[in-house]
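Taking it in order: structure first as structure tokens, then the write-up.
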Amino acid sequence: ELQLMESGGGSVQPGGSLRLSCTDSKFNFDDSNMGWYRQTPGTECELVSTLSSDGSTYYADSVKGRFTISRGDAKNTMYLQMTRLKPEDTAKYYCAADHWNPVRPDKSACTTFDAWGQGTLVTVPS
């Protein structure tokens, strides 16, 4: 059973950077599909980025060129490097991983992860 844990969130000025981490004590991110979602209260859960087992990546248009998803040197860690942050990046961020299936858009994902106690808050004041 996955027990993903996000960290690295915080408050940063516009234009700044943060690196989010996602770890699981037992999950091996090598050769897995993984991704990041985010949600602001009152908005839909947004799929921000994915990294598939074949190495292909996806970025939402809103973060393309600013965010980078990667696997860590430690097999149980993955990252989301966020640069040139904007106030509209303010949200709670959640990581997801699956050995067999690609991480896909899922409007209910953020609610589910939040109920499990996951997520890390990123605040970029305007």
Side-chain angles (χ1 to χ4, degrees):
E1 182 178 332
L2 282 177
Q3 292 183 320
L4 300 172
M5 180 175 295
E6 302 88 347
S7 62
S11 182
V12 61
Q13 291 299 310
S17 300
L18 282 174
R19 188 177 75 163
L20 305 184
S21 301
C22 176
T23 61
D24 182 280
S25 61
K26 298 179 181 178
F27 190 87
N28 185 343
F29 285 109
D30 282 354
D31 300 323
S32 70
N33 303 290
M34 52 196 192
W36 290 87
Y37 296 90
R38 68 183 181 186
Q39 188 171 36
T40 301
T43 67
E44 287 188 349
C45 184
E46 178 187 17
L47 181 61
V48 175
S49 179
T50 65
L51 174 56
S52 296
S53 56
D54 64 2
S56 60
T57 57
Y58 161 82
Y59 294 96
D61 287 343
S62 57
V63 307
K64 205 170 289 184
R66 300 188 297 121
F67 289 12
T68 304
I69 189 171
S70 64
R71 293 184 178 87
D73 290 336
K75 293 184 177 182
N76 64 339
T77 305
M78 67 175 198
Y79 301 106
L80 184 68
Q81 178 69 49
M82 307 187 296
T83 64
R84 292 184 281 138
L85 282 161
K86 304 176 181 180
E88 50 264 43
D89 295 319
T90 294
K92 196 168 185 181
Y93 286 72
Y94 307 87
C95 62
D98 192 306
H99 277 307
W100 311 116
N101 301 301
V103 176
R104 301 183 187 280
D106 183 346
K107 294 179 181 180
S108 66
C110 297
T111 301
T112 300
F113 294 144
D114 204 58
W116 292 346
Q118 286 186 234
T120 187
L121 185 62
V122 172
T123 303
V124 187
S126 56

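Keep in mind it's a predicted model, so treat the numbers as computed, not measured. Quick note: residue numbers are just sequence positions, from 1.
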Could you grab the distance from atom CE of M5 to atom OG1 of T120, nearest 0.5 Å is fine?
-> 11.0 Å
What one should report as the nearest heavy-atom pair of Q39 and C110 is OE1-CB, 3.1 Å
Minimum heavy-atom separation for G8 to L18, with atom names?
-> O-CD2, 3.7 Å
What's the shortest heavy-atom distance between P87 and P125, and which atoms?
-> CG-O, 3.8 Å
What's the shortest heavy-atom distance between S17 and R84, and which atoms?
-> OG-N, 4.3 Å
Which class fits the ring pair Y93 and F67: parallel under 30°, tilted 30 to 60°, perpendicular over 60°?
-> tilted
Main-chain N/O of S53 paired with D31 side-chain donor or acceptor, under 3.5 Å = no
E44, CD atom: more than 12 neighbouring heavy atoms under 6.0 Å = no
When rounded to the nearest 0.5 Å, the distance separating NE2 of H99 from CG of D30 is 9.5 Å
Could you tell me whether D89 and K86 make a salt bridge, using a distance below 4.0 angstrom between a side-chain N and a carboxylate O?
-> no
Working to the nearest 0.5 Å, report the span between OH of Y58 and CG of L51.
-> 14.0 Å
Residues forming a side chain to side chain contact (heavy atoms under 4.5 Å, CB included) with S56, sequence neighbours excluded | S52, D54
Same apolar cluster (I L V M F W Y, side chains within < 4.5 Å links), L4/M82 | yes
Value for OG (S49) from CE (M78), rounded to nearest 0.5 Å, stands at 8.5 Å
Which atom of W36 lies closest to which atom of S21, heavy atoms considered = CH2-O, 3.6 Å
What heavy-atom pair brings T77 and F29 nearest, and what distance separates the two atoms?
-> N-CD1, 3.1 Å
Verify, without hydrogens or angle tests, whether S32 (side chain) and D98 (backbone) share a donor-acceptor contact under 3.5 angstrom.
-> no
Rounded to the nearest 0.5 Å, what's the gap from OH on Y94 to OG1 on T111? Could you check?
-> 7.5 Å
Measure the spacing between CG of N33 and CZ of R104 and express it to the nearest 0.5 Å.
-> 9.0 Å
Y79 six-ring centre to R19 NZ/CZ under 6.0 Å and within 45° of normal = yes
Do L20 and V12 share a hydrophobic cluster, counting only Ile, Leu, Val, Met, Phe, Trp and Tyr and linking them when any side-chain heavy atoms are less than 4.5 Å apart?
-> yes
